[in-house]
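Step one of this worksheet: look at the structure below.
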Amino acid sequence: MPHRHPWEAEAQAASSHGASHSEGPDGHAAFRGGEVDHRRNGFDPHAMLRDFDWGTTRRLASGRVLREWTLVAGDQEVEVASGIRFAAWSYNGRIPGPTLRCREGERLRITFANGSSHPHTIHFHGIHPAKMDGVPGVGAGQIEPGQSTVYEFDAAPFGLHLYHCHVRPLAEHIAKGLYGAFLIDPKEAREEADEMVMVLNGFDTNFDRGNEVYAANTIGFAYMEKPVVVKRDELLRVYLVNVLEYDLINSFHLHGNLFDYIPTGTSLKPSELTDTVMLCQGQRGILEWRFPFPGKYMFHAHQSEFTELGWQGFFEAVN
Ligand SMILES: [Cu+2]
């Protein structure tokens with residue numbers, strides 16, 4: 001018997017088709033927490049949180065490191081909150097796609113195969129030649145179903161970047177799930193820390209160009225249901241990327257603490273000590289802090305609507 005929250009029975013009763021959500025006065029699905037079948041989805045937000053994909057490497061004759069990945073786009077149904085299924089598109093069977101991680105100065109080679117029934121690309125943020133930009137009409141352009149291409153460029157500059165599909169209509173191609181974090185470490189590594197990735201996203205489950213579900217790493221309330229366990233006094237580092245479509249702004253707010261913030265991760269020194277950052281789509285940054293006291297600390301968007309629709313969680317600092 002899965003554990004149940006007191007609000008679930010109420011939500012279930014309010015639902016006309018058995019799922020734990022109902023239509024709110026503003027037309028948004030007013031769902032609450034509950035179990036999501038992560039195994040059926042094929043990915044788990046708790047596993048994705050600390051999952052960095054370093055690809056495979058070999059040394060070129062020049063002595064440089066060549067780092068390679070293969071990304072496959074596919075059509076995939078995802079349960080984005082308890083009982084709410086969404087006909088998504090994904091890279092490598094997960095949303096967000098793998099967190100691609102490398103070091104400044106390496107040569108990167110990404111083979112992209114389109115296994116979806118729609119044309120797609122991968123557009124990387126960062127510095128690269130125009131023909132590697134992954135947009136329609138330039139270089140390989142859009143990649144048709146069953147086709148593939150190779151994107152190759154140098155890892156520059158160090159920082160926290162992102163990648164996403166750039167086929168029109170762009171809002172749909174992003175909102176369906178084709179995005180991920182792209183992290184270039186500085187040559188001189190940052191201080192050792194408990195590192196996590198949070199890609200802030202949302203899902204328009206009724207196709208009205210507004211989101212019904214908001215989350216960090218896709219699954220609404222995942223980090224409420226099961227807090228992110230961290231160690232007291234340990235340095236924590238969150239790589240935060242906002243890809244939210246349809247809403248102009250998103251944010252990250254931390255309770256009981258403040259964090260050092262490095263916009264775009266392109267510096268070794270923080271520019272701000274704060275407890276709230278705002279991000280437009282494509283904006284990202286690195287957060288660092290320690291919890292001096294044990295206990296549960298909430299983190300969430302500081303747009304209350306987003307929190308009520310899934311974008312909130314807990315850190316649990318333990319001794
Ligand atoms: Cu696409």
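Everything numeric here is computed off the predicted structure, so don't read it as measured data. Order of appearance sets the numbers: ligands from 1, and atoms from 1 within every ligand.
- Among the backbone and side-chain atoms of His118, no N/O/S atom is found under 2.8 Å from the Cu ion (ligand 1).
- In this structure, Lys176 is not positioned above the aromatic face of Phe203 in the sense of NZ or CZ being under 6.0 Å from the six-membered ring centre and within 45° of the axis.
- In His120, the N, O or S atom that comes nearest to the Cu ion (ligand 1) is ND1.
- Side chain to side chain, Asn201 and Tyr179 meet the donor-acceptor criterion of an N or O pair below 3.5 Å.
- Contact annotation: the side chain of Met198 never approaches that of Tyr239 to less than 4.5 Å [non-hydrogen atoms, C-beta and beyond].
- With respect to the Cu ion (ligand 1), His173 has ND1 as its nearest N, O or S atom.
- Hydrophobic clustering of Ile, Leu, Val, Met, Phe, Trp and Tyr side chains at less than 4.5 Å, counting indirect connections, unites Leu49 with Val230.
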